[in-house]
Amino acid sequence: MIKVVKFGGSSLASATQFAKVKEIISADPERRYVVPSAPGKRNAKDTKVTDMLYACYELAEAEESFDKELKKIEERYNSIIHGLNLKLSLKEEFETIHKKFENKDGVEYAASRGEYLNGIIMAEYLGYEFIDAAEVIFFNKNGSFDAEKTDRVLSRRLAKTDRAVIPGFYGMGEDGTVRTFSRGGSDITGSIVAKAVRATAYENWTDVSGCLVADPRVIDHPQTIKVITYRELRELAYMGASVLHEDAIFPVRKAGIPINIRNTNAPEDEGTWIVQTTCHQSEFTITGIAGKKDFVAVNIDKDMMNAEVGFGRKVLTAFEENDINFEHMPSGIDTMTIIVHQPEFEGKEQPVISAIQRLAKPDSVEIESNIALIAVVGRGMKATRGTSGRIFSALAHANVNVKMIDQGSSELNIIIGVSNADFEKAIRAIYDIFVTTQL
Ligand code: ASP
């Protein structure tokens with residue numbers, strides 16, 4: 001059995017955190033492949049090494065002196081090395097980095113050094129082999145990830161080694177230069193490595209004990225989700241709940257490998273399992289609640305709309321012409337509503353309205369702004385009667401006016417539109433009825 005373990009920046013921000021990580025890895029011999037992030041923040045005021053590297057490279061690009069800034073980064077690594085009593089020197093590595101910055105080797109090269117150097121330290125500390133991600137993770141010409149080549153090379157390479165550290169976040173582009181994923185991309189590397197070694201689990205260690213049922217900024221100490229499916233996670237993540245990089249689920253999902261979100265600072269907590277499918281029933285009927293503010297509803301009325309073939313297409317063309325994505329489209333017999341993101345829509349409001357007039361010739365177009373959308377997600381809803389009844393009675397008791405309801409036929413989620421001002425109140429009411437009252 002093989003487990004791939006990825007540790008996030010806060011899990012590797014200092015020597016003390018490294019020591020916790022070693023303890024976690026040593027506690028289970030199946031934890032054989034380790035993917036580290038760059039050192040993150042040690043406290044709220046601290047700066048992530050990746051951000052320091054971006055800032056430092058910006059100076060190099062502007063041909064300003066960056067010595068002081070690079071020295072600070074070196075000091076951060078040295079404090080980890082000394083704190084762990086390692087006999088390792090990164091002096092030569094920093095000389096190379098200095099030269100490459102002067103040569104302007106690229107911002108992605110610069111950012112990748114955070115993981116690269118942390119990987120060297122981690123390998124030394126654990127006594128594991130270090131494998132440079134630039135030798136095993138590949139990007140296409142257009143910067144997208146080359147899954148096929150990576151899986152081929154990486155699985156062969158890892159078959160030759162029992163235990164290894166592979167830094168997260170970067171790989172090599174077609175032209176031989178270092179490329180990175182988008183921010184938070186070490187999660188993706190962990191998933192790629194898990195797929196390459198056909199791992200039994202991909203453990204993603206961070207600073208929270210898993211995915212939460214609701215946003216902790218809205219609900220005080222929300223419950224942790226024990227098991228969530230990939231699809232449920234996508235629904236919640238789309239609505240703003242974030243624990244994992246969005247693209248991290250694809251490699252393991254294809255290979256049927258579960259992800260376990262764990263807390264480096266509380267390793268005894270079981271965390272959250274993210275799985276393809278499960279018979280595990282959520283304790284609370286719903287799995288999670290997430291939401292976002294700032295949507296606009298564009299309400300379009302036209303008598304006999306139901307009899308006009310192609311009306312919907314004409315309306316949507318008006319949005320497409322203006323390059324606007326729509327989120328939802330609830331409709332009635334003579335009305336149809338298009339829900340769009342407010343910031344995206346604001347600058348294009350008038351061109352869109354005139355395009356609707358021109359293409360669809362409606363009787364009226366009205367706009368309602370400052371709408372919040374809340375997604376109540378749960379695989380258990382399909383088999384349970386009365387879920388929506390409970391949601392709406394809770395909202396009515398909390399005096400929240402529901403402006404829109406959208407439930408897909410998959411019955412995986414119910415989307416509710418309320419005014420921005422009612423957003424927090426609505427989430428609290430839904431959380432209370434499903435979770436607090438069940439505890
Ligand atoms: N260090 C990179 C970042 O800060 C990647 C990662 O941590 O996953 O975005």
Side-chain angles (χ1 to χ4, degrees), residues 4-14 17-18 20-21 33-58 69-70 72-74 76-77 80 90 93 97 101 106-123 130-134 136-137 139 143-145 150 165-173 178-195 202-208 211 233 237 241-252 259-265 274:
V4 170
V5 284
K6 180 260 169 181
F7 291 89
S10 58
S11 303
L12 298 168
S14 64
Q17 290 300 86
F18 262 74
K20 289 183 193 169
V21 165
Y33 299 99
V34 182
V35 176
S37 275
K41 293 183 183 192
R42 291 161 293 186
N43 52 57
K45 285 197 196 117
D46 205 8
T47 313
K48 289 171 110 185
V49 164
T50 310
D51 290 318
M52 295 167 88
L53 285 161
Y54 278 123
C56 187
Y57 189 74
E58 219 176 284
E69 284 70 16
L70 195 59
K72 263 199 186 151
I73 299 171
E74 193 172 350
R76 277 211 62 179
Y77 284 105
I80 296 174
L90 296 177
E93 295 288 354
I97 293 171
F101 274 38
V107 63
E108 296 181 54
Y109 165 79
S112 75
R113 296 305 87 184
E115 287 37 38
Y116 171 78
L117 296 167
N118 233 16
I120 293 178
I121 299 178
M122 179 61 92
F130 173 77
I131 298 177
D132 186 353
V136 286
I137 307 259
F139 288 80
S144 63
F145 168 58
T150 299
V165 173
I166 308 103
F169 192 38
Y170 72 93
M172 171 144 1
V178 169
R179 304 299 306 256
T180 58
F181 293 108
S182 55
R183 295 300 303 265
S186 297
D187 284 342
I188 310 174
T189 310
S191 180
I192 293 165
V193 173
K195 175 164 188 270
Y202 166 27
E203 292 181 347
N204 189 295
W205 291 81
T206 172
D207 52 8
V208 289
C211 313
L233 185 73
S242 71
V243 270
L244 203 65
H245 191 295
E246 248 199 300
D247 296 341
I249 63 172
F250 298 113
V252 281
I259 305 175
N260 188 196
I261 307 285
R262 299 288 291 266
N263 189 348
T264 302
N265 305 316
I274 307 169

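Every number for a ligand or one of its atoms is a count from 1 in the order of the listing. The shown structure was predicted, so the numbers you read here are calculated from the model rather than taken from an experiment.
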### Task
Any pair with a residue in residues 37-48 that passes salt bridge (Lys or Arg N to Asp or Glu O under 4.0 Å), sequence neighbours left out, goes on the list, sorted by first then second residue, please.
Arg42-Asp46, Asp46-Arg76
### Task
Quick one: look at Ser186 and ligand 1, take heavy-atom pairs under 4.0 Å, and tell me if it's side chain, backbone, both or neither.
both
### Task
Check whether any N or O atom of Thr50, backbone or side chain, sits under 3.5 Å from an N or O atom of ligand 1, and answer yes or no.
yes
#### Entry: Side chain, backbone, both or neither: the part of Glu115 lying under 4.0 Å from ligand 1 by heavy atom
side chain
### Query
In ligand 1, which numbered atoms sit nearer than 4.0 Å to a non-hydrogen atom of Gly184?
3 (C), 5 (C), 6 (C), 8 (O), 9 (O)
### Message
As an exercise, identify every atom of ligand 1 less than 4.0 angstrom from a heavy atom of Ser37.
### Response
6 (C), 7 (O), 8 (O)
### Task
Could you walk me through whether Tyr170 and Phe181 pass ring pair (Phe, Tyr, Trp, His ring centres under 6.0 Å), step by step?
CA-CA 6 Å; Tyr170 72 93; Phe181 293 108; 9.4 Å; no
### Message
Checking Tyr116 against Phe130 for the ring pair (Phe, Tyr, Trp, His ring centres under 6.0 Å) test, could you report, in this order, the C-alpha distance in whole Å, the side-chain angles of both residues, the deciding distance, and whether it holds?
### Response
CA-CA 10 Å; Tyr116 171 78; Phe130 173 77; 5.7 Å; yes
### Message
Could you check whether any heavy atom of Gly185 sits closer than 4.0 Å to an atom of ligand 1, since that is the contact criterion I want to use?
### Response
yes
### Message
Please enumerate all residues that pass side chain to side chain donor-acceptor pair (under 3.5 Å) together with Ser10, with sequence neighbours excluded.
### Response
Asp207
### Query
Just which atoms of ligand 1 are under 4.0 Å from any heavy atom in Arg183?
3 (C), 4 (O), 9 (O)
### Task
For the pair Tyr202 (side chain) and Lys6 (backbone), establish whether a donor and an acceptor sit closer than 3.5 Å, ignoring hydrogens and angles.
no
### Message
Quick check on contacts: which atoms of ligand 1 are under 4.0 angstrom from a heavy atom of Lys48?
### Response
3 (C), 4 (O)
### Query
Honestly, is Arg179 close enough over Phe169, meaning NZ or CZ under 6.0 Å from the six-membered ring centre and within 45° of the axis?
no
